[in-house]
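Encoded as structure tokens, the structure appears first; notes follow it.
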Amino acid sequence: MCGAPQSPDADRELVLTRLIDAPREKLFRCWTDPELMKQWFAPLPWTVTHAEMDLRPGGASLIVMKSPEGQEFPNPGIILEVVKNEKIVFTDAYTKAWEPSAKPFMTAIVTFEDEGGKTRYTARALHWNAADRKTHEEMGFHEGWGQCADQLAALAAKI
């Protein structure tokens, strides 16, 4: 068998990792301050027109993205775990107050780790099945989340 061993969930998981030249406190703030989220969370030319984050387990989140053509896409979800300056876990499996969504797609785990005076930023998207993972990858997960990571890094450098 060649190559690195895969995790048991590799067929359902997408991962993006970057070493960002900013302290994790600034990255965490960009992820949790709705006004800052609007500045980086959608890959340009898309924008975020509305952002809400109730940062506690069970708290609701709502991110509304707007396409270049003007169509809005609301993304409601629930926060599952928050460890200040270290981790944020959220899912679209629920829309609010433990109300199941019509079609759960993923749970995201975002971590911030100190590494050589910079921050190792890792975003993991865990899907319910391999087909959803494939769909997300084909939608441009690596390109879109990568562009957003670049935008996040640029914003963190300015605040």
I'd like to know if [X] and [Y] make a salt bridge, using a cut-off of under 4.0 Å between side-chain N and carboxylate O.
X    : Y    : answer
D54  : R56  : yes
D132 : K103 : yes
K87  : E81  : yes
R133 : E13  : no
E113 : R120 : no
K134 : E137 : no

Atom pair [atom1]/[atom2] of [X] and [Y] - distance to nearest 0.5 Å:
X    : Y    : atom1 : atom2 : answer
T91  : I78  : OG1   : CD1   : 9.0 Å
L14  : L16  : CG    : CG    : 10.0 Å
C30  : I20  : SG    : CD1   : 9.0 Å
W128 : L126 : CH2   : CG    : 8.5 Å
L155 : C148 : CG    : SG    : 12.0 Å
R18  : T119 : CZ    : OG1   : 14.0 Å

Hey, does the side chain of [X] reach the backbone of [Y] with a donor-acceptor pair shorter than 3.5 angstrom?
X    : Y    : answer
N75  : F73  : yes
D92  : F105 : yes
T17  : Y121 : yes
Q151 : A42  : yes

Parallel, tilted or perpendicular: which fits the ring planes of [X] and [Y], with parallel below 30° and perpendicular above 60°?
X    : Y    : answer
F141 : H136 : perpendicular
F41  : W31  : perpendicular
F28  : F112 : perpendicular

Is there a path of hydrophobic side-chain contacts, each under 4.5 Å between heavy atoms of I, L, V, M, F, W or Y residues, that connects [X] with [Y]?
X   : Y    : result
M65 : L152 : yes
L44 : I63  : no
L80 : M37  : no
W46 : V48  : yes
L27 : L19  : no

Give the intermediate values and the outcome of side-chain contact (heavy atoms from CB on, under 4.5 Å) for residues T122 and V15. CA-CA 7 Å; T122 303; V15 179; 3.9 Å; yes
If every non-hydrogen atom of [X] is compared with every non-hydrogen atom of [Y], which pair is closest and at what distance?
X    : Y    : value
G144 : P43  : O-CB, 4.0 Å
A108 : W145 : CB-CH2, 4.4 Å
M53  : S61  : SD-CB, 3.6 Å

Residue pair Q147 / E143, side-chain donor-acceptor N/O under 3.5 Å: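 No, no side-chain donor-acceptor contact under 3.5 Å.
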Looking just at side-chain N and O atoms, do H50 and E52 make a donor-acceptor pair shorter than 3.5 Å?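 There is such a pair (donor and acceptor under 3.5 Å, judged by atom type) between the side chains of H50 and E52.
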Should E86 and R24 count as side-chain neighbours, where that means a heavy-atom distance under 4.5 Å?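 With C-beta onward as the side chain, the pair touches.
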K96, NZ: over 12 other non-hydrogen atoms inside 6.0 angstrom: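 No, not enclosed.
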Applying side chain to side chain donor-acceptor pair (under 3.5 Å), run through T49 and E72 and close with a yes or a no. CA-CA 8 Å; T49 59; E72 290 195 333; 3.1 Å; yes
